[in-house]
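Quick note: residue numbers are just sequence positions, from 1.
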Amino acid sequence: MLEELLMAAAATGVAAVAYVGAAARVVKQYERGVVFRFGRLRGRVRPPGFTMIVPAVDRLHKVNMQIVTMPVPAQEGITRDNVTVRVDAVVYFRVVDAAEALVRVEDYKFAVSQMAQTSLRSIIGKSDLDDLLSNREKLNQGLELMLDSPAIGWGVQIDRVEIKDVSLPETMKRSMARQAEADRERRARLINADAELQASKKLAEAAHQMAEAPSALQLRLLQTVMAVAAEKNSTLVLPIPVELLRFLERATPEPPAPAPAAPPPPEPLPPVEDLTGPSVDPAPRGRHGGPAA
């Protein structure tokens with residue numbers, strides 16, 4: 001009798017150990033357990049730690065609650081300004097409701113991936129090339145809203161969406177490089193012109209100041225000579241101030257103007273030869289035309 005009792009106790013112990021081994025489950029800290037009993041969802045989600053289920057009746061599904069990093073394959077599209085680009089992105093999401101993630105959608109990871117690709121192509125078609133290159137923060141927010149609206153019904157929350165890279169055709173890259181080079185050249189010319197304008201203004205002020213104090217020009221000349229001589233050159237160029245030339249020009253007396261030359265005397269006429277012979281004076285006539293008495 002005692003032996004039968006011992007055998008029964010041992011069998012019961014073995015059965016209990018086998019039952020506990022079959023029913024015992026461990027849920028990790030970053031997981032949540034969802035139990036289905038005969039295909040029906042149990043109302044309570046199992047927290048992390050040790051838990052028990054009914055063997056052959058309950059099914060425990062563990063759902064990872066960590067943030068999932070999912071790369072979005074590169075999508076090719078045409079922007080609003082008719083430029084062909086390839087854009088890839090990355091999506092960060094996590095499960096906030098383990099039961100909804102298992103019941104509402106068959107595979108929430110695949111669903112989020114397909115939705116991200118579709119939303120990315122939609123963003124490309126609605127945006128300009130300049131927005132894709134320089135205004136990515138706004139596009140990231142718009143893409144996040146497009147993904148978060150349907151995903152919240154699946155028990156999934158979109159934490160962040162980032163556009164990784166924008167690939168452009170080679171012709172567009174060369175065009176943008178030429179545009180950037182032309183813009184840089186334009187800015188350089190404007191800066192040089194502005195510098196010349198400021199320098200001319202300063203030189204004009206210096207000229208007015210030196211005109212009031214002529215000795216300042218001489219001091220400036222000596223400073224220039226010292227700067228040139230400090231380089232140990234074999235040739236020393238000594239500029240002559242313009243003011244000195246003007247002073248010498250004013251100090252030099254003007255020569256008297258030459259008197260006008262007298263006109264040359266006229267040349268004598270050649271003598272005229274008399275070809276008629278000796279001349280005969282006519283007789284004097286009277287008052288009435290007769291010969292004088």
Side-chain angles (χ1 to χ4, degrees), residues 74-90 120 122-145 160-257:
Q75 303 296 313
E76 186 172 355
I78 300 177
T79 60
R80 191 166 55 182
D81 50 354
N82 298 325
V83 179
T84 303
V85 294
R86 288 176 60 88
V87 182
D88 57 350
V90 60
L120 183 58
S122 178
I123 285 292
I124 293 174
K126 295 179 181 178
S127 304
D128 295 331
L129 179 61
D130 294 339
D131 295 335
L132 290 175
L133 296 177
S134 61
N135 198 10
R136 293 189 181 182
E137 189 64 29
K138 183 178 179 180
L139 297 180
N140 293 337
Q141 294 177 0
L143 190 57
E144 181 179 349
L145 291 176
R160 191 173 182 84
V161 181
E162 291 286 345
I163 295 177
K164 293 172 58 178
D165 188 23
V166 179
S167 300
L168 300 175
E170 292 297 329
T171 55
M172 180 58 65
K173 290 181 180 179
R174 289 193 294 268
S175 300
M176 294 177 65
R178 290 195 299 268
Q179 179 184 359
E181 184 179 357
D183 184 67
R184 290 286 181 179
E185 185 177 358
R186 179 184 63 83
R187 292 169 58 184
R189 290 183 178 180
L190 290 177
I191 293 174
N192 289 334
D194 190 19
E196 292 292 338
L197 177 60
Q198 295 180 8
S200 63
K201 292 181 179 179
K202 293 298 181 180
L203 289 175
E205 294 178 3
H208 289 299
Q209 188 69 24
M210 290 181 179
E212 296 178 359
S215 58
L217 183 61
Q218 301 296 330
L219 295 177
R220 181 58 183 163
L221 174 61
L222 295 177
Q223 291 177 357
T224 305
V225 172
M226 291 179 61
V228 174
E231 298 180 359
K232 299 180 180 180
N233 293 328
S234 59
T235 303
L236 181 61
V237 179
L238 182 62
I240 299 176
V242 180
E243 296 295 334
L244 179 60
L245 297 179
R246 292 179 179 175
F247 174 77
L248 295 176
E249 182 181 0
R250 289 193 299 266
T252 302
E254 296 183 358

(request) For atom CD1 of Ile78, decide whether the heavy atoms of other residues, nucleotides or ligands shown that lie under 6.0 angstrom number more than 12. (result) no

(request) Using atom types as modelled and distance alone, determine if a side-chain donor or acceptor of Ser200 lies under 3.5 Å from a backbone N or O of Leu197. (result) yes

(message) Rounded at 0.5 Å granularity, tell me how far CD1 in Ile124 sits from CZ in Arg80.
(response) 13.5 Å

(message) Quick check: do Thr79 and Lys126 have side-chain heavy atoms less than 4.5 Å from each other?
(response) no

(request) Look up atom CG in Leu168 and atom OG1 in Thr84, then write down how far apart they are to the nearest 0.5 Å. (result) 10.0 Å

(request) Could you grab the distance from atom CZ of Arg160 to atom CD of Glu144, nearest 0.5 Å is fine? (result) 7.5 Å

(request) Considering only NZ, NE, NH1 and NH2 on the basic side and carboxylate oxygens on the acidic side, decide whether Lys201 and Glu205 come within less than 4.0 Å. (result) no

(message) Under a 3.5 Å distance rule, please check whether Asp88 uses its side chain to pair with a backbone N or O of Asp165 as donor and acceptor.
(response) yes

(request) Flag the pair Arg187 and Glu185 as a salt bridge only when some basic side-chain nitrogen lies within less than 4.0 angstrom of an acidic carboxylate oxygen. (result) no

(request) Taking the side chain as every heavy atom from C-beta outward, state whether Ser127 and Leu139 have any pair of such atoms under 4.5 Å apart. (result) yes

(message) Please report the interatomic distance CG(Leu132) to CD1(Ile123), rounded to the nearest 0.5 Å.
(response) 9.0 Å

(request) Look at the side chain of Asn192 and the backbone N and O of Ala188, then say whether any donor-acceptor pair between them is shorter than 3.5 Å. (result) yes

(request) Kindly compute the distance separating CE (Met176) from CG (Asp130), expressed to the nearest 0.5 Å. (result) 7.0 Å

(request) May I ask you to decide if Arg136's main-chain N or O and Asn140's side chain share a donor-acceptor pair within less than 3.5 Å? (result) yes

(message) Just verifying a value: how many Å separate Asp183 CG and Glu181 CD, rounded to the nearest 0.5 Å?
(response) 11.0 Å

(message) With a 4.5 Å cut-off on side-chain heavy atoms, are Val83 and Met172 touching?
(response) yes

